[in-house]
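In the text below, chain A, chain B and the rest are named by the order of the sequence lines, each starting its count at 1. Side-chain atoms are counted along with the backbone in the values below, which use heavy atoms only and exclude waters and symmetry mates.
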There are 2 protein chains.
Amino acid sequence: MVTLKQLAKELNVSISTVSKALNNSEEIGKETIKRVKELAELYNYKPNKVALSLKQNRTNTIGVIIPDILNHFLSKVLFGIEREASLHGYNIMTCISNESLEKEKESLQLLANGSVDGFILCLSEETQIKNEIEHFKQTIKRGLPIVMFDRVAHDVLCDKVIVDDFDATYRATKNLLDENRKQIAFFSNIDDLSVGKLRERGYNKAILESQSHKPLVLNIKKEDNPQEKIIAFMKQHKNIDAVISADSASGVIAINVATSFGLKVPKDISVIGFSSQSVSNHSIPRLSTIRQHAKEIGANAAQMLINRLQNVSGEASEFKTKIVKTSLVKNGSTL
Amino acid sequence: MVTLKQLAKELNVSISTVSKALNNSEEIGKETIKRVKELAELYNYKPNKVALSLKQNRTNTIGVIIPDILNHFLSKVLFGIEREASLHGYNIMTCISNESLEKEKESLQLLANGSVDGFILCLSEETQIKNEIEHFKQTIKRGLPIVMFDRVAHDVLCDKVIVDDFDATYRATKNLLDENRKQIAFFSNIDDLSVGKLRERGYNKAILESQSHKPLVLNIKKEDNPQEKIIAFMKQHKNIDAVISADSASGVIAINVATSFGLKVPKDISVIGFSSQSVSNHSIPRLSTIRQHAKEIGANAAQMLINRLQNVSGEASEFKTKIVKTSLVKNGSTL
DNA sequence: GTGAAAGCGCTAACAG
DNA sequence: CTGTTAGCGCTTTCAC
């Protein structure tokens, strides 16, 4: 990599002249600017980012810590973050906590040593279960702002972007009640996450409000084969005529299982699931989905962080929580 | 962030003493080391990564450029890269090229300015179509090693990690021929990618070798609804009794479509697809899959790059191409 | 055993 | 209009 020093030497001027010339400083003569720029072009000079970072005390890099990149929702959020960040000239450094508190702490520590200007993160499962938040508070105290999304720690003062999980499931359940369904089941493989709990609560509220209905919940564990679990459960509860799925897989699996039982979807049984457009294609009829607008969540989080980073002057403004509304897309597995 | 300077001041010693003490230098007295370390601990001192990078002229960061993070295979590779890198004390900076040559070039440029020590990347679709490789060559000339995976540019001299796409499809097709299938179709939504072409060729070879068979290919475009396309195609070709899918979705969709036509899988029709374990759950029976071992691919790529980065002494060793073998997992959609 | 000084690549205040 | 200098945080050589 060619440096200012080398350019300066070759041009027989000082380093600062070169620097100023490249930055179009008023101080430098037109002729000199031209000469400098030509040589820089020739050598394909690009300022060293590390030196700039050290000098300016900011890296233009955002640290992103997500629990699981194989989760379609999370990788979609990451996509949204990357796009928005890149638009504003920020790079992202990604760490994967693998749902482990320890790895989450490590990543935070690691990146907090000057590598990044701030964080966007989603709590690991273990962090949520143990409800540990000290590492977040420390990071913030160190001067690195954090934006949390989806799974957030309410007791940490920072910006947040969340989904209206409770409302979304409540309304989806209502929807099924309006279809006159008698036994609406709730499938989830995320019952230990805050969002999983919220979704279940939304479902429960709608069911209980309707008097004549009873909740029926299937919790699928990580180690289970989801297909087998759902087959067994639906065999056991033949009266199920509607399903809400809190995760992206259970919905399409439920439709496929129902079909394999000879049931007609949506005539005999309706299904709604939190899912993405691509996965909804994995069943016939296509799964009616609650769309979480993951990219938008990511973009929002990035915006909030960048705003805070660039608003160095105006002192710490109030912390905000942005709620991204879900939308119900009827694809064919509902009436 | 507390610095050496501040610690030195507080301890009434020089900066270099503090630095040496923290690095357990022999030169420094035991007592001093103890004092320094205690204060460092108290203030939770961590050396500034940016300063270290500038000094040591390496960042311990790997740049990863992938065309699409919503692609399950690619995000799985990313997972493998991240894990391996993290194991060796490397961070990763991720850029998403969005299948665009321009964005790929930009990302390469951007990160090549001292932000990363080397690259792991998968070519964008546009790059493959236009067959442009100048930007890779330049980056390498600049001293930044590249490891390419999956979609690679054969004309660039660098380490590569690829899948035995041709062989995998060839063998899978053979497998279906051995089941005595009469009309084996090939579904793909990646026909413009090198890997897509290789897969189709493997299929073609097996089909043509068998004399009595004819190839039957369905190419699905990005803008198509894959489900509708497959339904239409299978209606049109009622004689299809086996399907090979080059992408992760078409396989499960094919099974679901077949089932909706009243066909029995695998009795009436067999299906094999390049897919992941989780997606294979989205059909009944579960899709028999060609597993690409994405995580392993990522891990291999990271290892190769890190090896090259740390092997500063031994001069440029030969460039290697590692082929990661696929394996066929029979899940129920084949005999 | 400890400290001063140089230098990584860059910017910017200040001097000329 | 151009150059000198200091400094970002750190390591390391060389004096003391």
Side-chain angles (χ1 to χ4, degrees), chain A residues 1-37 39-40 43-61 110-117 142-144 312, chain B residues 1-37 39-40 43-61 110-117 142-144 312:
Chain A
M1 289 217 356
V2 60
T3 66
L4 286 187
K5 205 177 181 177
Q6 293 163 41
L7 293 181
K9 195 172 169 191
E10 192 137 343
L11 288 164
N12 269 318
V13 293
S14 77
I15 294 177
S16 53
T17 303
V18 180
S19 170
K20 286 172 188 163
L22 290 173
N23 290 312
N24 290 314
S25 164
E26 299 286 322
E27 301 178 20
I28 306 295
K30 284 212 163 175
E31 187 51 39
T32 317
I33 294 195
K34 192 158 161 266
R35 275 178 59 220
V36 171
K37 286 203 167 172
L39 196 71
Y43 284 158
N44 193 21
Y45 169 81
K46 292 278 151 49
N48 182 314
K49 274 271 282 179
V50 175
L52 273 182
S53 296
L54 183 60
K55 179 78 187 162
Q56 306 179 336
N57 202 23
R58 73 191 149 78
T59 58
N60 276 305
T61 301
L110 215 69
L111 298 186
N113 303 310
S115 299
V116 303
D117 297 340
R142 263 186 135 172
L144 292 163
V312 188
Chain B
M1 288 218 356
V2 59
T3 66
L4 285 186
K5 204 177 180 178
Q6 292 164 41
L7 293 181
K9 194 171 170 192
E10 193 137 342
L11 288 163
N12 269 319
V13 293
S14 76
I15 294 178
S16 49
T17 304
V18 180
S19 170
K20 287 172 188 165
L22 290 173
N23 290 312
N24 291 314
S25 163
E26 299 287 322
E27 302 178 21
I28 305 295
K30 284 214 164 175
E31 185 52 37
T32 317
I33 294 194
K34 193 159 161 264
R35 276 178 59 220
V36 171
K37 286 204 169 173
L39 196 71
Y43 284 158
N44 192 22
Y45 167 82
K46 292 278 151 51
N48 182 314
K49 274 270 281 177
V50 175
L52 274 181
S53 297
L54 183 59
K55 181 79 186 162
Q56 306 178 336
N57 201 24
R58 74 192 149 78
T59 59
N60 276 304
T61 301
L110 215 70
L111 298 187
N113 303 310
S115 299
V116 303
D117 297 340
R142 264 186 134 172
L144 291 164
V312 189

**Fill in**
Its 5'-most and 3'-most nucleotides having an atom under 4.0 Å from a non-hydrogen atom of chain A, DNA chain D is contacted over D/dC1 to D/dG9
**Item:** Qualifying salt bridge (Lys or Arg N to Asp or Glu O under 4.0 Å) pairs, either residue in residues 43-53 of chain A, two or more places apart
**Value:** none
**Message:** Tell me every residue that passes side chain to side chain donor-acceptor pair (under 3.5 Å) with B/Thr59, counting only those two or more places apart in sequence or in another chain.
**Reply:** B/Asp117
**Request:** To the nearest 10°, let me know how far the axis at one end of the helix from C/dG1-D/dC16 to C/dG16-D/dC1 is tilted from the axis at the other, five pairs an end.
**Result:** 60°
**Any residue meeting side chain to side chain contact (heavy atoms under 4.5 Å, CB included) with B/Leu54, in chain and number order, not counting sequence neighbours** = A/Val50, A/Ala51, A/Leu54
**Item:** Partners passing salt bridge (Lys or Arg N to Asp or Glu O under 4.0 Å) against B/Lys34 (at least two apart in sequence or in another chain)
**Value:** B/Glu38
**Asked** Does the side chain of B/Leu144 reach to within under 4.5 Å of the side chain of A/Met1, using non-hydrogen atoms?
**Response** no
**Item:** side chain to side chain contact (heavy atoms under 4.5 Å, CB included) partners for A/Thr32, two or more places apart
**Value:** A/Thr17, A/Ile28, A/Val36
**Asked** According to a strict under-4.0 Å criterion, is A/Tyr45 in side-chain N/O contact with OP1 or OP2 of C/dC10?
**Response** yes
Solution key, residues 4-11 of chain B side-chain donor-acceptor pairs under 3.5 Å, sequence neighbours excluded:
| residue | atom | partner | partner atom | Å |
| --- | --- | --- | --- | --- |
| B/Gln6 | NE2 | B/Thr3 | OG1 | 3.4 |
| B/Glu10 | OE1 | B/Tyr43 | OH | 3.3 |
| B/Glu10 | OE2 | B/Tyr43 | OH | 2.7 |

**Asked** Between A/Leu22 (CG) and C/dA12 (P), how many Å, whole number?
**Response** 13 Å
**Prompt:** Which nucleotides of nucleotides 2-8 of chain C have their base under 4.0 Å from a protein heavy atom (B), which only their sugar-phosphate (S), and which neither (-), written as one string 5' to 3'?
**Reply:** BBBB-BB
Hey, can you pull the donor-acceptor pairs under 3.5 Å for the side chains in residues 18-25 of chain A, sequence neighbours left out?
| residue | atom | partner | partner atom | Å |
| --- | --- | --- | --- | --- |
| A/Lys20 | NZ | A/Glu27 | OE1 | 3.2 |
| A/Asn23 | ND2 | A/Ser19 | O | 3.0 |
| A/Asn24 | OD1 | A/Lys37 | NZ | 2.7 |
| A/Ser25 | OG | A/Glu27 | N | 3.1 |

